[in-house]
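Take a look at the structure set out below.
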Amino acid sequence: MNDVIKLDNFLFGGDYNPDQWLKSPEILKKDIEMFVEARVNVVSLGIFAWSAYEPVEGEFHFEWLKEIIDNLYNNGIYTVLATPSGARPKWLADKYPEVLRVNKDRRRIGFGMRHNHCHTSSVYREKVYIINRKLAETLGDHPGVILWHISNEYGGECYCDSCQKAFQNWLKDRYQTIDRLNDEWVTAFWSHTYNSFEQIEAPGTMELGEWAMNPLLLNWRRFVTFITKDFMKNEIKALRDAGNQKPATTNFMYDYDGLNYKKFSDIVDIVSWDNYSRWHKFEDIEVAYDTAFQHDLMRGIKHKPFMLMESCPTAVNWQSISKLRWPRLAETAGLQAVAHGSDTVMYFQMRQARAGMEKLHGALISSYGEKDDRIYEECVSLGKRLEGLGRCNSGQVPVQTAFVYDRENIWALEDSFGPRNKDMGIKSLTNKMYKGLRRANLNVEIVDMEDELTGYKLVVAPLAYLHRAGFADKVRKFVTAGGVFVTSYWFGIVDEDDKMHLGAVPHELTDVMGLRETEVDGLFDGMKYKILKAQGATDKLKEEYSFDMLCNLVEPTTAKTLMTYGSDFYAGTPAVLVNEFGEGKAYYLGAHAEDAFYEDLFDYIVEEAGLDRIIEEKLPYGVELSSRYLGDQEKVFLQNFTRNEIAIDTKVYNGTLKAYETVVCDKC
Ligand code: GLA
Ligand code: ZN
């Protein structure tokens, strides 16, 4: 399948909790029978099974697990084996309360729930190391085990004394001297100068502590990523110390803001993530683009195919309303992941839990437990479809376009006060620009500022407010060498510690952009302004578009104006500009405009820059188009994300797509 797992076929399956059914052998038997019929060839086991592995301290029981893995393997089903650190047994929390997390309000939590341990507790690290090592020694070599699933959805943060100490040490490493930290953070502001690293405390709640000091907030977030990764390294070390070299992953979450996942790229062998799209809550094609962005984001972490580790064939039970899925949506959503580079379609959960918080969560096998169940039938159909796709081969997604989405920049944007505390439009501008690119029939790779830009033809970087990792230099080189660069308002304003650049901005890029940003305007909710086409600008652009939220005023030097503002005291000044620099071009999009603007502009840019489109024909709104190599063949995926039939007339496919139908065809 894949250069990491080394299997040929797509994997189909998901989280399976037989530890909840050990006293019901008839259920376990039926599960296997139904899995086989649905072409299930992988399950994830043991994610929350610590109390079954080690019911009392130091007493280990893996026989039951071995029997399950054997049985699955004998039926052609592989195991992704989890380390159980996501939830600990009661005896552990009772005996070693320091393993439990201290919240931001500085109070230690009691036993309960999951995903709430301290990352620096030496006892917890030791206990996790022991259980992981035992697990690896006992079952790691089983031929059925193909991958380690480290913990589950790492997230959150701990504010205990030991975590505070680790934060101080991390800061010491980063800044070396307290003077340097004071300078970089400009702590003279409001008299917050520190005399030593020991005086520094993690951010607190509004009532308690330092909650609004930007460089502290930003560096605390960086530290949380560092310490979570460090915790994960300790988990993996236990497996390697046991002599096991099987690949490892950990399941990431949708647009999770608590960690910079890119930093995990060197310790996960393959990226995996859990997708719970809010189908039917909004227009499905919009949900589809939003989901597609997440798939691309996950593929971009290692620039390689990834795994869809969890999703749901029907409604989940933790969103505010559990809406049933339309027929065929499960299949099309699964194939969408594949189209964007997933080598798996996996679900939470394989069998519906009997009790607890997740008893009403959708599953491949429901509590009814028989084959004549609508969702099970849909799963069978998808299983067969995946099998029919043939060799997976970990095919790449061909891309010429990169989209810069940098978590540290997003943190800085979110925590900064002004220019629009209500909503900077990060999510909506991202969605609009991404959709514009996809509507122009492009595949897109999501990168961050640490990535290289060479090799792409088009780089889009909205709201790139904080530059780090030599980003300005990368942009300069990229444009000089002939690349097309597109950015938005609020570009190149602060340094890595969120400190304002002095002088003209965008910092170090005023010549590349051919302009200077002067003032930024936050619009009140409900205010809709206009941008108007400048004389002589391309016919691809309409005469006017609306915008809201934010806009940047600029003073051009060499940039040419494509559109001007049509409202307020700045009417008539440039809003959208392009600058020729070196062999390339740099576009500046000054306002948060309506969707049509991005669609029209990217259509123009793609044509002008001579980028390869997946297909030439423009498709009706509602159809998502992507392509990916399967084996040696580039396959084109056409997916109808609406409830209507849509007629398609293209060189690769001519016919009608039913509601939520996917066709996969060869790229001719
Ligand atoms: C997350 C978790 C799973 C399960 C699902 C429910 O993704 O990883 O254990 O709780 O949510 O949707
Ligand atoms: Zn802690």
Side-chain angles (χ1 to χ4, degrees), residues 14-17 19-20 43-50 80 82-88 93 96-109 113-125 128 149-170 201-202 220 223-224 226-228 230-231 234 249-256 258 272-279 294 298 307-320 322-323 325 330 333 346-353 355-364:
D15 282 20
Y16 182 41
N17 297 306
D19 42 310
Q20 295 171 15
V43 295
S44 304
L45 290 180
I47 302 172
F48 298 108
W50 197 337
V80 171
T83 65
S85 64
R88 70 222 57 88
Y96 310 103
E98 68 267 41
V99 307
L100 299 172
R101 199 165 276 183
V102 169
N103 281 334
K104 206 172 192 173
D105 62 5
R106 309 309 197 242
R107 287 205 307 201
R108 198 177 292 280
I109 59 165
M113 301 304 286
R114 57 177 180 173
H115 303 157
N116 47 14
H117 57 267
C118 167
H119 287 125
T120 63
S121 153
S122 50
V123 180
Y124 201 56
R125 283 184 176 222
V128 168
H149 181 299
I150 310 294
S151 200
N152 192 64
E153 296 190 337
Y154 281 122
E157 47 215 31
C158 176
Y159 295 81
C160 75
D161 291 346
S162 144
C163 288
Q164 302 274 1
K165 187 87 218 140
F167 179 44
Q168 292 163 357
N169 288 337
W170 180 83
E201 247 202 79
W220 169 253
F223 163 75
V224 171
F226 162 81
I227 205 69
T228 307
D230 193 60
F231 185 88
N234 177 62
T249 189
T250 186
N251 47 341
F252 294 150
M253 293 177 270
Y254 170 97
D255 206 22
Y256 182 61
S272 65
W273 83 286
D274 301 344
N275 174 34
Y276 294 100
S277 301
R278 288 167 200 259
W279 299 114
Q294 295 298 317
M298 293 296 155
M307 297 172 73
L308 178 62
M309 185 62 87
E310 292 179 25
S311 57
C312 188
T314 183
V316 299
N317 72 327
W318 50 264
Q319 291 169 356
S320 54
S322 308
K323 182 83 189 78
R325 301 282 164 84
M346 293 169 71
Y347 293 129
F348 178 89
Q349 49 198 340
M350 298 304 283
R351 170 177 274 280
Q352 196 173 349
M357 263 188 82
E358 292 180 327
K359 67 180 188 298
L360 299 178
H361 192 291
L364 183 126

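Starting from 1, each residue takes its place in the sequence as its number. Just so you know, ligand 1 is whichever comes first in the structure, and atom 1 is the first atom listed for that ligand. These numbers come from the heavy atoms of this one structure, side chains and all, not from hydrogens, waters or symmetry mates.
Judged by distance alone, the side chains of Tyr347 and Gln349 never bring a donor and an acceptor atom under 3.5 Å apart. Looking at Asp230 and His119, their side chains never bring a donor and an acceptor atom within 3.5 Å of each other. Counting only N and O atoms by type, the side chains of Thr83 and Ser151 include no donor and acceptor under 3.5 Å apart. A donor atom on one side chain and an acceptor atom on the other are found under 3.5 Å apart for Glu310 and Tyr276.
When all heavy atoms of Ser44 and Met346 are compared, the closest pair comes out as OG-CE, 3.5 Å.
With a 4.5 Å cut-off on side-chain heavy atoms, Arg101 and Ile109 count as touching. Side-chain atoms of Thr249 and Met309, non-hydrogen and from C-beta on, do get closer than 4.5 Å to each other. With contacts defined as side-chain heavy-atom distances shorter than 4.5 Å, the pair Trp279/Thr314 does not qualify.
Short contacts between ligand 1 and Glu153, defined as distances under 4.0 Å to a heavy atom of the residue, involve ligand atoms 1 (C), 2 (C), 7 (O), 8 (O). Within ligand 1, the atoms closer than 4.0 Å to a non-hydrogen atom of Trp318 are 6 (C), 12 (O), numbered from 1 in the order shown. Using a 4.0 Å cut-off to heavy atoms of Phe48, the atoms of ligand 1 that qualify are 9 (O).
For Met309, no heavy-atom contact with ligand 1 is shorter than 4.0 Å. With a 4.0 Å cut-off on non-hydrogen atoms, Asn152 touches ligand 1 through its side chain and not its backbone. Under 4.0 Å from ligand 1, the heavy atoms of His361 that appear belong solely to its side chain. Neither the backbone nor the side chain of Met253 has any atom closer than 4.0 Å to an atom of ligand 1 (non-hydrogen atoms only).
Taking distances strictly below 2.8 Å, the protein N/O/S atoms close to the Zn ion (ligand 2) are Cys118 SG, Cys158 SG, Cys160 SG, Cys163 SG.
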Q: Assess whether ring-ring contact (aromatic ring centres under 6.0 Å, His included) is satisfied between His117 and Phe231, documenting all intermediate values.
A: CA-CA 11 Å; His117 57 267; Phe231 185 88; 4.7 Å; yes
Q: Mind running ring-ring contact (aromatic ring centres under 6.0 Å, His included) on Trp220 and Tyr159 for me, showing each step along the way?
A: CA-CA 11 Å; Trp220 169 253; Tyr159 295 81; 5.0 Å; yes
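Looking only at heavy atoms of the protein, atom 4 (C) of ligand 1 is closest to Glu358 OE2, 3.1 Å. The protein heavy atom nearest to atom 9 (O) of ligand 1 is Arg114 NH1, 3.0 Å. If you check which protein heavy atom lies closest to atom 3 (C) of ligand 1, you get Glu310 OE1, 3.3 Å.
Among residues two or more places apart in sequence or in another chain, the side chain to side chain donor-acceptor pair (under 3.5 Å) test is passed with Arg106 by Glu201.
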